[in-house]
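Heads up, the thing below is written out as structure tokens.
None of the values given here were measured: they were computed from a predicted structure.
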Amino acid sequence: MRNYFAAPIFIFIALVACVTTSVVPAQRLPMMDVPASSATLTSEIERAESTLVALTAATDINDTDKAELQANYTEAVQRLKNAQSYWGKQGTYRGYVSSVGSDVEAVKQQLEDLPSLEEARQVPEIEGLDELRKVVESWRADVARLRDLKGSLEQEMIRTEARPVEIGTRLPDARAELNRIDGLLAIVDEELTRKDLAERALLGAKREELVAEIAMLKEELNSQTQRGDLLSAQSRLVKRQLENAEAELSTYTQLLNRAQMSEADRVIADVAKFLEGSEHLEPHVQALAEEVNSLAHALKKSAQHLHDADLSRDALSQSLAALNRDFTETQKVIQLGGLDGILS
């Protein structure tokens, strides 16, 4: 008497050329929520993929039936890959419980080691306009990166805080679906056709996926506090890193603006000196000098505009940050308590 559930899920390969299987007596089969090993799941995926290859080459199956069988095995492969992913995430969540304490302490230490805002503003002197421009562009890129990271952490904190409610809803549904599939797999019909085998293969893959998902969700819930602590510490660190980066960028930008205006003043003075006694200059030389003088004034004006624009950009960034904080809090209220929570 063969236990079809305990046997490998995909037993179709040897049956590609057959229309039906041999008769198997009906029986109830034990169902166990035993974690599948990575090697076992990989083996089942490879077996299913081999079955798909054999189906493609089969000549005794009409196109409609072949397409239906291929769809079942293709979905089964994806379900098993999902199961692999869920088991991997379960291990990651379990790791948080044992290691997150030291991770949080490491992040706190990084926060303590950061220079103060006043220290961040004390930047080293940079020689040359070109080098100063490169430094400013580099700090602008760092500030943009840190702003993105800060936003991502805030979104992840919202998602994490809402997960217990979502998991509390998903777990009963997943368990109910698992029980339903167990019921379907527990009884083996007296005669199994190709279609029956493909459907049972898909049911078995769905079962593997559900068992893995349930295990993952339990571990995710169990590690909720630890992950929240780590996210909170990381968020505080990135917030301070961003403040320091913005302070250094602001200082370097001011230095660049002053350097550009000084350079413009120097050029203007040199041209004015050159034009002294311009009656002795060739007309085309005098015209060129006057053009350079005009460009120098334009450079100084542009530097002043950049300075004003930087001040406006800082003010705009602060306003945007305030709006993002308000949006984050609103989103949190909606996710945790629904619209009633925000309207109450």
Side-chain angles (χ1 to χ4, degrees), residues 85 88-89 92-93 95-96 99-124 126 130-166 220 223-257 305-336 342:
S85 176
K89 290 178 181 178
T92 299
Y93 289 135
Y96 277 114
S99 67
V100 79
S102 58
D103 292 338
V104 170
E105 289 305 314
V107 172
K108 288 181 178 178
Q109 187 59 53
Q110 290 182 60
L111 182 60
E112 291 179 9
D113 292 342
L114 286 178
S116 66
L117 271 176
E118 188 58 37
E119 290 171 332
R121 294 188 181 100
Q122 307 303 313
V123 300
I126 304 296
D130 288 342
E131 286 302 313
L132 196 51
R133 289 190 184 102
K134 291 177 183 178
V135 169
V136 168
E137 288 305 311
S138 176
W139 275 108
R140 282 176 179 163
D142 283 347
V143 166
R145 177 183 59 80
L146 286 168
R147 284 173 179 165
D148 288 343
L149 181 56
K150 180 173 176 287
S152 296
L153 284 170
E154 289 172 349
Q155 290 299 310
E156 182 61 19
M157 288 179 70
I158 292 172
R159 191 194 71 83
T160 299
E161 290 174 3
R163 284 298 287 160
V165 175
E166 296 171 358
E220 182 181 355
S223 64
Q224 174 78 13
T225 299
Q226 291 85 350
R227 290 182 294 109
D229 290 344
L230 181 58
L231 280 171
S232 179
Q234 290 172 331
S235 183
R236 289 194 298 271
L237 173 63
V238 171
K239 179 176 180 292
R240 280 289 294 109
Q241 288 175 327
L242 176 58
E243 289 171 352
N244 278 5
E246 288 175 334
E248 293 199 48
L249 173 60
S250 176
T251 300
Y252 277 122
T253 301
Q254 291 173 23
L255 290 174
L256 176 60
N257 288 334
H305 285 165
L306 287 173
H307 174 68
D308 296 340
D310 285 327
L311 293 177
S312 299
R313 181 168 54 194
D314 289 341
L316 182 60
S317 295
Q318 292 174 5
S319 298
L320 181 59
L323 286 173
N324 280 334
R325 285 193 297 270
D326 291 343
F327 174 73
T328 297
E329 290 302 315
T330 301
Q331 199 173 20
K332 186 187 302 181
V333 171
I334 291 175
Q335 288 194 357
L336 294 179
I342 196 171

One pair to check against side-chain contact (heavy atoms from CB on, under 4.5 Å): E105 and K108. What are the steps and the verdict? CA-CA 5 Å; E105 289 305 314; K108 288 181 178 178; 4.0 Å; yes
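- In this structure, CD on Q226 lies 12.0 Å from CG on L231, to the nearest 0.5 angstrom.
- Put simply, the side chain of L111 does not reach to within 4.5 Å of the side chain of Q241, judged on heavy atoms.
- Contact between V136 and Y252 at its shortest, heavy atoms only, is CG2-O, 3.7 Å.
- Annotation for R133 and L256: closest pair CG-CD1, 3.6 Å, computed over non-hydrogen atoms.
- How far NZ of K150 is from CD of E243: 8.5 Å, rounded to the nearest 0.5 Å.
- The CD atom of Q110 sits 9.0 Å away from atom CD of Q234, with the distance rounded to the nearest 0.5 Å.
- Atom CG in L249 sits 11.0 Å away from atom CG in L146 (nearest 0.5 Å).
- Side-chain contact between L153 and V238 is present, with at least one heavy-atom pair separated by less than 4.5 Å.
- Considering CD1 of I158 and CD of E154, their distance stands at 7.5 Å, rounded to 0.5 Å.
- Within the 4.5 Å cutoff, side-chain heavy atoms of E246 are placed close to those of R147.
- A233 approaches V104 most closely through the heavy-atom pair CB-CG1, 4.2 Å.
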In sequence, state the C-alpha distance, the side-chain angles, and the governing distance for D142 and R145, and then conclude on side-chain contact (heavy atoms from CB on, under 4.5 Å). CA-CA 5 Å; D142 283 347; R145 177 183 59 80; 4.1 Å; yes
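- Shortest non-hydrogen contact noted between R240 and P115 is NH2-O, 3.0 Å.
- Between N244 and L114, the closest side-chain pair of non-hydrogen atoms falls below 4.5 Å.
- Atom OG of S232 and atom CE of M157 lie 4.5 Å apart (nearest 0.5 Å).
- Side-chain polar atoms of S250 and Q254 form a donor-acceptor pair below 3.5 angstrom.
- For the residue pair R227 and E220, the shortest heavy atom distance occurs at NH2-O, 2.8 Å.
- The minimum heavy-atom distance between S223 and Y96, with the atom names listed, is CB-CB, 4.2 Å.
- Partners of E118 under the salt bridge (charged side-chain N to carboxylate O under 4.0 Å, His left out) rule, at least two apart in sequence or in another chain, are R121.
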Give the intermediate values and the outcome of side-chain contact (heavy atoms from CB on, under 4.5 Å) for residues V123 and L255. CA-CA 10 Å; V123 300; L255 290 174; 3.9 Å; yes
Let me see the working for E137 and K134 under salt bridge (Lys or Arg N to Asp or Glu O under 4.0 Å), right down to the final yes or no. CA-CA 5 Å; E137 288 305 311; K134 291 177 183 178; over 6 Å; no
